[in-house]
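Since the structure comes first, as structure tokens, the remarks are kept for the end.
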Amino acid sequence: MNPSKQAADDRQRAPSLCVAAVQMVSTPRIEENLQTAAGLIAEAVARGAELLALPEYFAIMGMTDSDKVRLREQDGSGPIQDFLAASARQHGIWLIGGSLPLSAESPDKVLNSCVAYNPQGQRVARYDKIHLFGFRQGAEAYDESATIQAGQQPVSFDMPFGRVGLSICYDLRFPELYRALGVTELLVVPAAFTETTGRAHWEILLRARAIENQCYVLAVAQGGRHENGRETHGNSMLIDPWGEILDRQPKGPGVVVGKLEQGRLASVRASLPALKHRVM
């Protein structure tokens, strides 16, 4: 980008933005989850949130991995996408639907997709999860590649505060994805981290992504014991560009709310200009 144009864009940016992470403990029933999400969205809006994000699998945490395949939606049409568009429009907010199952090329798989809507209810971005989780430790085992088709492209979008980068859960372990997004003001990480891996790595990885990219990170988690027996780690949080945690929800449904400040971004990037020092 032309430096003078970048400077002009920076001057036009909103000086602050109130954001919220909506933590859930989703069930196998879509309608029930959407009702829960609607209540938590309203709570966050009442607390001043202008941009909200929901967790991975917010609309369905099935009893089996194949449940999401059976309930997948065509891109652009379906009750989950309609709910997100209507909620964004109703409240006049930027709304990021952590992930929902969209139709894939294979009939027995889905795309695990994060979709973002503007305050008019128009979709502005869709990101398909690139890195698929695989884990085995004793009786605990996961293989997302069995039911999910991997995405191919990093995705970000622009809004008045700045550029927002999208990612989902296991992507958090791959810093090269965030570098590929370029300079962002906010990274959003919807997730359903397991209790085992979350307890060990969730917070430290989130804080590292904020510090190395000198931006805010909004981490939006599932947080509790689900009907399918899975336990998710929770600990949704908002982290500033210095790696400081501004707010956190340890377990259970709830809302994390905080304010992003252009002044804080500028101060961190000026005092330690690591982004300018990159050589690769």
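A salt bridge is defined here as a Lys NZ or Arg NE, NH1 or NH2 lying under 4.0 Å from an Asp or Glu carboxylate O, and Glu261 with Arg264 fails to meet this definition. Between Glu185 and Arg13 there is a salt bridge, since a side-chain N of the basic residue sits under 4.0 Å from a carboxylate O of the acidic one. A salt bridge is defined here as a Lys NZ or Arg NE, NH1 or NH2 lying under 4.0 Å from an Asp or Glu carboxylate O, and Arg136 with Glu140 fails to meet this definition. A salt bridge is defined here as a Lys NZ or Arg NE, NH1 or NH2 lying under 4.0 Å from an Asp or Glu carboxylate O, and Arg126 with Asp128 meets this definition. A salt bridge between Lys109 and Asp65 is absent, with no side-chain N of the basic residue lying under 4.0 Å from a carboxylate O of the acidic one. The pair Arg179-Glu212 does not meet the salt-bridge criterion, since no charged nitrogen lies less than 4.0 angstrom from a carboxylate oxygen. Using a 4.0 Å cut-off between a side-chain N of Lys or Arg and a carboxylate O of Asp or Glu, Glu144 and Lys129 qualify as a salt bridge.
For the residue pair Thr196 and Thr194, no side-chain donor N or O sits within less than 3.5 Å of a side-chain acceptor on the partner. Residues Thr27 and Glu227 have side chains that never bring a donor and an acceptor to within less than 3.5 angstrom of each other. Of the N and O atoms on the side chains of Asn33 and Thr36, not one donor lies less than 3.5 Å from an acceptor on the other residue. Donor-acceptor pairing under 3.5 Å is recorded for the side chains of Ser26 and Gln222. The closest side-chain donor-acceptor pair between Arg163 and Thr184, if any, does not fall under 3.5 angstrom.
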Exercise. Determine, step by step, whether Arg70 and Asp108 satisfy the salt bridge (Lys or Arg N to Asp or Glu O under 4.0 Å) criterion, reporting the C-alpha distance in whole Å, the side-chain angles of both residues, the deciding distance to 0.1 Å, and the verdict.
Key: CA-CA 8 Å; Arg70 178 173 54 85; Asp108 59 352; over 6 Å; no

Exercise. Any chance you could lay out the side chain to side chain contact (heavy atoms under 4.5 Å, CB included) test for Met237 and Val256, step after step, and finish with the verdict?
Key: CA-CA 6 Å; Met237 63 185 78; Val256 168; 5.5 Å; no

Quiz item: Would Ile93 and Leu51 satisfy side chain to side chain contact (heavy atoms under 4.5 Å, CB included), going step by step from the backbone distance to the final call?
Solution: CA-CA 6 Å; Ile93 55 172; Leu51 180 148; over 6 Å; no

Quiz item: Step by step, would you call Leu272 with Trp242 a side chain to side chain contact (heavy atoms under 4.5 Å, CB included)?
Solution: CA-CA 10 Å; Leu272 180 62; Trp242 196 247; 4.2 Å; yes

Quiz prompt | Criterion ring pair (Phe, Tyr, Trp, His ring centres under 6.0 Å) on Tyr178 and Phe174, from CA distance to verdict | solution = CA-CA 8 Å; Tyr178 299 94; Phe174 301 90; 9.4 Å; no

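Val268 and Pro241 make their closest contact through CG1-O, 3.9 Å (heavy atoms, listed as atom of the first residue, atom of the second, distance). The minimum heavy-atom distance linking Trp202 with Val189 is given by the pair CH2-O, 4.1 Å. The minimum heavy-atom distance linking Leu54 with Pro190 is given by the pair O-CB, 3.5 Å. The minimum heavy-atom distance between Ser167 and Leu177, with the atom names listed, is CB-CD2, 4.2 Å. Looking at every heavy atom in both residues, Arg47 comes nearest to Val255 through NH1-O, 3.6 Å. Across all non-hydrogen atoms, the minimal contact from Ile245 to Arg207 is CD1-CD, 4.2 Å.
Leu40 is not listed as a side-chain neighbour of Phe58, based on a closest heavy-atom distance of 4.5 Å or more. Looking at Arg278 and Pro273, their side chains never come closer than 4.5 Å, going by heavy atoms from C-beta outward. With a 4.5 Å cut-off on side-chain heavy atoms, Arg199 and Thr197 do not count as touching. With contacts defined as side-chain heavy-atom distances shorter than 4.5 Å, the pair Leu172/Phe193 qualifies. Lys276 has its side chain out of reach of Arg269: every pair of non-hydrogen atoms, C-beta onward, lies at least 4.5 Å apart. A heavy-atom distance below 4.5 Å is not found between the side chains of Gln152 and Ile130. At least one side-chain heavy atom of Cys114 sits under 4.5 Å from a side-chain heavy atom of Ile96. With contacts defined as side-chain heavy-atom distances shorter than 4.5 Å, the pair Val110/Gln149 does not qualify.
By the criterion of side-chain heavy atoms lying less than 4.5 angstrom apart, applied directly or through intervening Ile, Leu, Val, Met, Phe, Trp or Tyr residues, Ile41 is not grouped with Leu238; the two fall into different hydrophobic clusters. No continuous path of ILVMFWY side-chain contacts below 4.5 Å connects Val115 to Trp94, so the two sit in separate hydrophobic clusters. Hydrophobic clustering (ILVMFWY, side-chain heavy atoms < 4.5 Å, transitive): Val257 and Leu187 are in distinct clusters. Hydrophobic cluster membership is shared by Val188 and Leu265, with clusters built from Ile, Leu, Val, Met, Phe, Trp and Tyr side chains linked at under 4.5 angstrom. Criterion: ILVMFWY side-chain heavy atoms under 4.5 Å apart, direct or through other members. Under it, Leu186 and Phe161 are part of a common hydrophobic cluster.
At distances below 3.5 Å, at least one donor-acceptor pair connects side-chain atoms of Asp171 with backbone N or O atoms of His131. Side chain of Ser77 to main chain of Glu73: no donor-acceptor pair is present (N/O by atom type, distance under 3.5 Å, no hydrogens or angles). A donor-acceptor distance shorter than 3.5 angstrom exists from the side chain of Arg230 to the backbone of Ala192, with no hydrogens or angles considered. Within the 3.5 Å criterion, the main-chain N or O of Ser66 finds no donor-acceptor partner in the side chain of Thr147. Ser87 places a side-chain N or O within donor-acceptor distance of the main-chain N or O of Phe83, the cut-off being under 3.5 Å. Remark: side-chain polar atoms of Asn118 are paired, donor with acceptor, to backbone N or O of Gln120 under 3.5 angstrom. Of the possible donor and acceptor atoms, one in the side chain of Gln262 sits under 3.5 Å from a partner among the backbone N and O of Ala14.
Taken to the nearest 0.5 Å, the CG atom of Leu132 stands 6.0 Å off from the CD1 atom of Ile148. Note that the CG atom of Leu52 and the CG atom of Leu218 stand 8.5 Å from one another [nearest 0.5 Å].
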Give the table of side-chain donor-acceptor pairs shorter than 3.5 Å for residues 15-25, with sequence neighbours excluded, one pair per line with atom names and distance.
{"residue": "Gln23", "atom": "OE1", "partner": "Asn235", "partner atom": "N", "Å": "3.3"}
{"residue": "Gln23", "atom": "OE1", "partner": "Ser236", "partner atom": "N", "Å": "2.9"}
{"residue": "Gln23", "atom": "OE1", "partner": "Ser236", "partner atom": "OG", "Å": "2.7"}
{"residue": "Gln23", "atom": "NE2", "partner": "Gln249", "partner atom": "O", "Å": "3.4"}
{"residue": "Gln23", "atom": "NE2", "partner": "Gly252", "partner atom": "O", "Å": "2.9"}

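Test Arg225, Glu56, His226, Lys251 against Thr232 for side-chain hydrogen bond (donor to acceptor under 3.5 Å, both in side chains) and you get one pass: His226.
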